[in-house]
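Both backbone and side-chain heavy atoms feed into the values below; hydrogens, waters and symmetry mates do not. These numbers come from a predicted model, not from an experiment.
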Amino acid sequence: MKIQMICVGKIKETYLRELIDHYTKIIRKKYNFEIIELPDEKTPDNSSDKEESKIKEIEGQRILDKIPEGSFVIPLCIEGTPYSTEQFQKKWDQWNKESINNITFIIGGSLGLSPKVVSKGKLKLSFSRMTFPHQLMRLILIEQLSYL
């Protein structure tokens, strides 16, 4: 199975990068795993809703351009379905039985994901109703994937 993680923004903090690298090594023992980092757009202070929508559109198009044809797309979004680790493991096992062999997780930038990206999701995933920094979500997701 091939797993991709498309992420907006770079990880600048060394401690996060080291943990992500640690879990990446674990995942790569079982799966073909790749992280694609895309540049984020600068958000001006006190930006309007219109400016923020435009930024999400720009970042969204970059994401859409990187999604492989036929991939099972899973955007991380607050309106997604929350799963326990055990429930997600059962979903994963189901996908394996269904021979889903290309899964793409998507983590947006600081403003979230564009509606176009969210609409591509076969499953919309939420880790919490709370909002977390996108860099931290990358670590949380990759840690969960290391158990699959």
Side-chain angles (χ1 to χ4, degrees), residues 1-13 15-17 19-20 23-24 26-27 31-148:
M1 179 182 291
K2 181 174 183 173
I3 306 169
Q4 285 185 311
M5 203 156 89
I6 300 175
C7 309
V8 175
K10 298 234 181 248
I11 301 291
K12 297 175 183 102
E13 298 84 358
Y15 65 95
L16 286 176
R17 173 74 51 206
L19 285 168
I20 288 169
Y23 289 114
T24 296
I26 293 170
I27 294 168
Y31 301 104
N32 178 357
F33 179 70
E34 152 183 52
I35 298 174
I36 298 170
E37 287 185 337
L38 302 175
D40 56 347
E41 289 294 304
K42 300 296 178 211
T43 305
D45 292 336
N46 302 317
S47 57
S48 68
D49 289 344
K50 186 176 180 180
E51 288 172 310
E52 290 184 2
S53 290
K54 182 66 176 165
I55 289 168
K56 286 198 289 188
E57 280 181 42
I58 292 167
E59 291 176 347
Q61 190 55 55
R62 289 179 187 149
I63 292 167
L64 293 170
D65 290 344
K66 294 294 182 180
I67 297 173
E69 187 71 32
S71 186
F72 189 89
V73 177
I74 304 174
L76 274 66
C77 48
I78 200 163
E79 66 271 15
T81 303
Y83 288 89
S84 68
T85 299
E86 294 79 15
Q87 290 169 324
F88 192 70
Q89 178 69 54
K90 286 179 183 174
K91 261 301 187 202
W92 192 265
D93 293 342
Q94 176 187 339
W95 296 332
N96 276 323
K97 288 177 186 168
E98 295 171 2
S99 298
I100 294 173
N101 55 15
N102 192 338
I103 295 178
T104 302
F105 292 92
I106 301 173
I107 300 174
S110 59
L111 298 176
L113 293 169
S114 74
K116 285 183 184 177
V117 173
V118 173
S119 72
K120 292 282 184 192
K122 304 279 192 214
L123 172 91
K124 295 165 188 75
L125 182 61
S126 173
F127 279 84
S128 172
R129 295 293 175 219
M130 295 177 158
T131 302
F132 294 102
H134 56 282
Q135 297 94 336
L136 185 56
M137 281 314 307
R138 189 182 314 188
L139 175 60
I140 293 170
L141 173 61
I142 202 167
E143 185 271 344
Q144 288 296 298
L145 293 176
S146 73
Y147 290 110
L148 300 174

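- Under the side chain to side chain donor-acceptor pair (under 3.5 Å) rule, Ser47 has a single partner from Lys54, Lys42, Glu52, which is Glu52.
- The aromatic rings of Phe88 and Tyr83 stand perpendicular to each other, their planes meeting at an angle above 60°, with 30° marking the opposite boundary.
- Residues Gly60 and Ser114 approach most closely at CA-OG, 3.8 Å, considering heavy atoms.
- Side chains of Glu143 and Leu19 form no contact here, defined as non-hydrogen atoms less than 4.5 Å apart.
- Between Ser48 and Glu51, the closest heavy-atom pair is N-OE1, 2.7 Å.
- For the atom pair Cys77 SG and Ile107 CD1, the distance stands at 11.5 Å (nearest 0.5 Å).
- Rounding to the nearest 0.5 angstrom, the gap separating the CD atom in Glu13 from the CD1 atom in Ile20 is 9.0 Å.
- Met5 CE to Ile36 CD1: the interatomic distance, rounded to the nearest 0.5 Å, is 10.5 Å.
- Proximity of His134 to Val8: side-chain heavy atoms (C-beta onward) are nowhere separated by under 4.5 Å.
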(message) Could you go through Glu57 and Lys116, starting from their C-alpha distance and side-chain angles, then the distance that decides it, and tell me whether this counts as side chain to side chain contact (heavy atoms under 4.5 Å, CB included)?
(response) CA-CA 8 Å; Glu57 280 181 42; Lys116 285 183 184 177; 5.8 Å; no
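- Residues Ser126 and Glu79 fail the side-chain proximity criterion, which asks for heavy atoms closer than 4.5 Å.
- For Lys120, the NZ atom sits in a loose shell: 12 or fewer heavy atoms of surrounding residues, nucleotides or ligands are nearer than 6.0 Å.
- Taking both residues in full, the closest heavy atoms of Asn102 and Pro68 are given as ND2-CB, 3.9 Å, listed atom of the first, atom of the second, then distance.
- Looking at heavy atoms from C-beta onward, Ser110 lies out of side-chain contact with Ile55 at the 4.5 angstrom threshold.
- Looking at Arg62, its side chain does come within 3.5 Å of a backbone N or O of Pro39 through a donor-acceptor pair.
- For the residue pair Val117 and Pro75, the shortest heavy atom distance occurs at O-CG, 4.4 Å.
- Heavy-atom minimum distance, Ile3 versus Leu145: CG2-CD1, 4.4 Å.
- When all heavy atoms are compared, the tightest approach of Pro82 to Gln87 is O-OE1, 4.2 Å.
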(request) Show your reasoning for whether side chain to side chain contact (heavy atoms under 4.5 Å, CB included) applies to Lys2 and Asn101. (result) CA-CA 6 Å; Lys2 181 174 183 173; Asn101 55 15; over 6 Å; no
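- A distance of 12.0 Å separates CD1 in Ile6 from CG in Leu76, rounded to the nearest 0.5 Å.
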(request) Start with the C-alpha distance between Leu139 and Tyr23, add both sets of side-chain angles, then the distance that settles side chain to side chain contact (heavy atoms under 4.5 Å, CB included), and finish with yes or no. (result) CA-CA 8 Å; Leu139 175 60; Tyr23 289 114; 4.0 Å; yes
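- How far CD1 of Ile103 is from OG of Ser71: 7.5 Å, rounded to the nearest 0.5 Å.
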(message) Using the rule given for salt bridge (Lys or Arg N to Asp or Glu O under 4.0 Å), can you reason through Glu98 versus Lys122, listing the C-alpha separation, both sets of side-chain angles and the distance that settles it, and then say yes or no?
(response) CA-CA 14 Å; Glu98 295 171 2; Lys122 304 279 192 214; over 6 Å; no
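- Between Leu38 and Asp65, the closest side-chain pair of non-hydrogen atoms is not below 4.5 Å.
- Relative orientation of the Tyr31 and Trp92 rings is perpendicular, given thresholds of 30° and 60° on the angle between their planes.
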(request) Mind running side chain to side chain contact (heavy atoms under 4.5 Å, CB included) on Ile106 and Ile67 for me, showing each step along the way? (result) CA-CA 9 Å; Ile106 301 173; Ile67 297 173; 3.6 Å; yes
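- When atom types are taken as modelled, the side chain of Glu59 and the backbone of Glu41 share a donor-acceptor pair closer than 3.5 angstrom.
- Rounding to the nearest 0.5 Å places CG of Leu16 at 6.5 Å from CG of Leu136.
- Residues Leu123 and Phe72 meet the side-chain proximity criterion, which asks for heavy atoms closer than 4.5 Å.
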